[in-house]
Amino acid sequence: MLAIFDKNVAKTPEALQGQEGGSVCALKDRFLPNHFSSVYPGAVTINLGSSGFIACSLEKQNPLLPRLFAVVDDMFCIFQGHIENVPILKQQYGLTKTATEVTIVIEAYRTLRDRGPYSAEQVVRDFQGKFGFMLYDCSTQNVFLAGDVDGSVPLYWGTDAEGHLVVSDDVETVKKGCGKSFAPFPKGCFFTSSGGLRSYEHPSNELKPVPRVDSSGEVCGVTFKVDSEAKKEAMPRVGSVQNWSKQI
């Protein structure tokens, strides 16, 4: 899977931007989508206009952690892995028996966006299993990314030469677009366009960047760790539905 989002749609944490970025623009002339398609010839690539690109391939995947892709009401979602408590979530969100993990994620996000009774932290924490997903809502230009607490589905993210966000489960693709400004997506965390990076495992704590050193001893991106001493304020759910979708 691959997603590239314009910096005006999804601004990465400053610590990740501060590293030595890639020498290329991932979006210019479809550079990174074309590279991804060359590695995965059967990939489906979707142009999101000025917002970026999404690409998904069912090739070269782990059969125990399959990829799923769905589009519902201008919401695009790529899900990888599996959720163990699917029956409970189907009932919770009023879904049919045929609903899959990817449609559950979309419906959970829709409920969150439309000011349902759950917090963003609870929505992701309710997903029990091994997973990683990326969702883009065209109606609000909101990005929603998350991975499980064990990092069972490796996701990588970084910024290209122009500060655009790149996310993929293929580390070589992220390296090609981001140079040294890439890192594993932090475990037990989620990221949204306006809310930024947050821990759903420890929602009351801030995250702090820690320089990451590669096998050659060079600093290569940052990892984000829960700061046990720094607490954050809860976000009040106020304003219109449109405004709230920008605070998820």
Side-chain angles (χ1 to χ4, degrees), residues 3 5 7-22 80-81 105 108-109 112-113 118-135 142-160 163-169 171 174-175 178-239 243-248:
F5 297 110
K7 60 186 176 183
N8 294 315
V9 172
K11 185 177 180 181
T12 54
E14 290 185 6
L16 193 59
Q17 297 177 39
Q19 303 301 312
E20 179 185 349
Q80 183 172 346
V105 170
Y109 165 79
L112 177 62
R113 180 196 66 184
Y118 314 113
S119 66
E121 291 85 0
Q122 181 182 339
V123 164
V124 188
R125 195 164 53 241
D126 283 346
F127 299 149
Q128 299 174 14
K130 300 179 178 181
F131 64 87
F133 66 80
M134 56 182 74
L135 180 149
N142 194 39
V143 173
F144 190 24
L145 314 171
D148 67 40
V149 295
D150 297 318
S152 308
V153 176
L155 289 179
Y156 304 90
W157 68 336
T159 53
D160 71 355
H164 303 316
L165 171 64
V166 177
V167 186
S168 179
D169 61 341
V171 64
V174 179
K175 285 182 180 179
C178 303
K180 291 186 177 297
S181 182
F182 87 97
F185 189 81
K187 301 174 183 179
C189 291
F190 69 99
F191 172 87
T192 60
S193 293
S194 292
L197 180 66
R198 292 148 67 185
S199 169
Y200 65 84
E201 190 178 16
H202 303 281
S204 62
N205 293 86
E206 296 283 358
L207 293 167
K208 61 179 179 181
V210 179
R212 179 171 157 269
V213 179
D214 64 16
S215 57
S216 63
E218 295 185 11
V219 175
C220 183
V222 295
T223 56
F224 290 87
K225 305 291 185 181
V226 173
D227 188 338
S228 60
E229 298 181 356
K231 301 293 184 179
K232 65 191 307 180
E233 295 182 5
M235 186 187 308
R237 305 190 71 164
V238 298
N243 288 340
W244 171 243
S245 71
K246 287 296 186 180
Q247 301 177 32
I248 294 174

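The shown structure was predicted, so the numbers you read here are calculated from the model rather than taken from an experiment.
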query = Which class fits the ring pair W157 and F191: parallel under 30°, tilted 30 to 60°, perpendicular over 60°?
reply = perpendicular

inquiry  = Show the nearest heavy-atom pair for residues Q80 and V153, with the distance to one decimal.
reply    = O-CG2, 3.5 Å

note = Of all heavy-atom pairs linking Y200 and C189, the shortest is CE2-N, 3.5 Å

query = Which residues satisfy the salt bridge (Lys or Arg N to Asp or Glu O under 4.0 Å) test with E121, sequence neighbours excluded?
reply = R198

task = Would you confirm whether D148, through its side chain, and D150, through its main-chain N or O, come within 3.5 Å as a donor-acceptor pair?
result = yes

query = How far apart are the closest heavy atoms of T159 and S181, and which atoms are they?
reply = OG1-OG, 2.8 Å

query = So how far is it from F185 CZ to M134 CE, rounded to the nearest 0.5 Å?
reply = 9.5 Å

ask   = For F5 and V166, what are the C-alpha separation, side-chain angles and deciding distance, and is it a side-chain contact (heavy atoms from CB on, under 4.5 Å)?
value = CA-CA 7 Å; F5 297 110; V166 177; over 6 Å; no

inquiry  = Tell me if a side-chain donor or acceptor on T192 pairs with a main-chain N or O of F144 at a distance below 3.5 Å.
reply    = no

ask   = Can you tell me how far CZ of R125 sits from CZ of F190, rounded to the nearest 0.5 angstrom?
value = 9.5 Å

ask   = If every non-hydrogen atom of L155 is compared with every non-hydrogen atom of A146, which pair is closest and at what distance?
value = CD1-O, 3.7 Å

Within-4.5 Å side-chain heavy-atom neighbours: V124 and Y118 = no

message = Please enumerate all residues that pass salt bridge (Lys or Arg N to Asp or Glu O under 4.0 Å) together with D126, with sequence neighbours excluded.
response = none

query = Minimum heavy-atom separation for A120 to L112, with atom names?
reply = N-CD1, 3.6 Å

query = Can you tell me how far NZ of K187 sits from CD of E201, rounded to the nearest 0.5 angstrom?
reply = 10.0 Å

ask   = Does D227 offer a backbone N or O that forms a donor-acceptor pair with the side chain of N205 under 3.5 Å?
value = yes

inquiry  = Any heavy-atom pair between the side chains of L145 and L165 that's under 4.5 Å?
reply    = yes

request  = Give a yes or no answer on whether the side chain of S193 reaches the backbone of V9 with a donor-acceptor pair at less than 3.5 Å.
outcome  = yes

Atom pair NE2 (H164) and NZ (K7), whose distance is rounded to the nearest 0.5 Å = 6.0 Å

query = Can you say whether the rings of F131 and F127 are parallel (under 30°), tilted (30 to 60°) or perpendicular (over 60°)?
reply = perpendicular

task = Go through the steps to decide whether V210 and V222 satisfy the test side-chain contact (heavy atoms from CB on, under 4.5 Å), and finish with yes or no.
result = CA-CA 5 Å; V210 179; V222 295; over 6 Å; no

inquiry  = Quick check: do P209 and F224 have side-chain heavy atoms less than 4.5 Å from each other?
reply    = yes

key: Nearest heavy atoms of F182 and G179, plus distance in Å   = CD2-O, 3.3 Å

